[in-house]
Amino acid sequence: MEIKNADFVISATKKQPFKNLEKCEIAFVGRSNVGKSSLINFLTNRKSLARTSSTPGRTRLINYFSINNGEFYFVDLPGYGYAKGNKQEQKEWKELMESYFMTSKCLKLVVLLFDIRRDINEDDKIMLKYFEYYRIPFICVITKADKIKKSQQKLTALKIARQIGVGDENVFICSTLEKKGKEEVLNKMEQFLSIESE
Ligand SMILES: Nc1nc2c(ncn2[C@@H]2O[C@H](COP(=O)(O)OP(=O)(O)OP(=O)(O)O)[C@@H](O)[C@H]2O)c(=O)[nH]1
Ligand SMILES: [Mg+2]
């Protein structure tokens, strides 16, 4: 699959949800600072379509991007884990995610991101429970591969895959810094987009 163009559409909140009734969506989730917005920019060949930051918790809204003049949408979801200890923020995040998963009628795929240097944690496990509960298909992208030795990348990715319980065919190693992994991820997305909804 080739991404020819991408445009920001809208930022949605729980109070002001975006009712997307026509297009299918691919959403990006993962811990705060894992590289979701960077991955969207990388896949779309855009420097700053989605706002990135070294400060965790940058994306707090649900941002929609129209791909290839409205063929489908990329959805950048707010990361989790930045508000450790802040019950109110955690509650808002949970409500926002649940309302998103409940109302997205044509969510074809979620891309769950993991930092190659980290093990999966409780928040990731909660996310996996959501996917199970709402029956959402997902793939894993292991980000920031450039942060470890090349010889260790594959092994580490497989270790994370085992922790998640996902098949090797649904795990992709990426580095936006070294521009690695784009084709593989886009081709997988194409497969999911072409699956008919029930
Ligand atoms: N070395 C390296 N750094 C990366 C890579 N991808 C992202 N980063 C850096 O990681 C930081 C966080 O990236 P973002 O894309 O803003 O992360 P996010 O997941 O959108 O974060 P939130 O919106 O806070 O949830 C930034 O400083 C990026 O430059 C990568 O492949 N390699
Ligand atoms: Mg972000």
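Whatever order the structure lists them in is the order used to number ligands and atoms, beginning at 1. Just so we're clear, the structure is a prediction, and the values are computed from it rather than from any experiment.
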Any N or O of [X] closer than 3.5 Å to N or O of ligand 1:
X   : value
S37 : yes
P78 : no
N33 : yes
S38 : yes

Just which atoms of ligand 1 are under 4.0 Å from any heavy atom in [X]?
X    : result
S175 : 31 (O)
K36  : 15 (O), 17 (O), 18 (P), 19 (O), 20 (O), 21 (O), 22 (P), 25 (O)
L177 : 1 (N), 31 (O), 32 (N)
G79  : 25 (O)

>> So if I apply the ring-ring contact (aromatic ring centres under 6.0 Å, His included) rule between Y64 and each of F74, F28, F72, F18, which one comes out positive?
In response: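 Testing each of F74, F28, F72, F18 against Y64, the sole residue satisfying ring-ring contact (aromatic ring centres under 6.0 Å, His included) is F18.
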> What part of D146, side chain from CB on, backbone N/CA/C/O, both or neither, has a heavy atom under 4.0 Å from ligand 1?
Replying inline: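 The part of D146 near ligand 1 is the side chain, not the backbone.
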> Under a 4.0 Å heavy-atom limit, does K147 contact ligand 1 with its side chain, its backbone, both, or neither?
Replying inline: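 Contact part for K147 vs ligand 1: side chain (C-beta onward).
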>> Out of K179, E178, K144, R51, who is nearest to atom 9 (C) of ligand 1 when you count heavy atoms only?
In response: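 Closest candidate by heavy-atom distance is K144.
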> Hey, is there an N, O or S on S37 sitting under 2.8 Å from the Mg ion (ligand 2)?
Replying inline: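 A backbone or side-chain N, O or S atom of S37 is under 2.8 Å from the Mg ion (ligand 2).
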> Between R31 and D124, is the closest basic N to carboxylate O distance under 4.0 Å?
Replying inline: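 Yes.
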>> Salt bridge or not between K125 and E122? Use side-chain N to carboxylate O under 4.0 Å.
In response: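 Salt bridge flag = yes for E122 with K125.
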> Do V9 and L77 belong together in a cluster built from hydrophobic side chains that touch within less than 4.5 Å?
Replying inline: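 Yes, V9 connects to L77 through the hydrophobic network.
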> Got more than 12 heavy atoms from elsewhere within 6.0 Å of CD, E132?
Replying inline: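 Check fails, neighbour count at 12 or below.
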> Quick check: does any side chain N or O of E25 sit under 3.5 Å from a backbone N or O of L107, one acting as donor and the other as acceptor?
Replying inline: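 No, the answer is negative, given that no donor and acceptor are paired below the 3.5 Å cut-off.
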> So, the side chain of N41 versus the backbone of L49: is there a donor-acceptor pair under 3.5 Å, distance only?
Replying inline: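 Side chain of N41 to backbone of L49: a pair is present.
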> In this structure, which one of Q90, Q88, K94 forms a side-chain hydrogen bond (donor to acceptor under 3.5 Å, both in side chains) with E92?
Replying inline: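 Answer to the side-chain hydrogen bond (donor to acceptor under 3.5 Å, both in side chains) test with E92 among Q90, Q88, K94: Q88.
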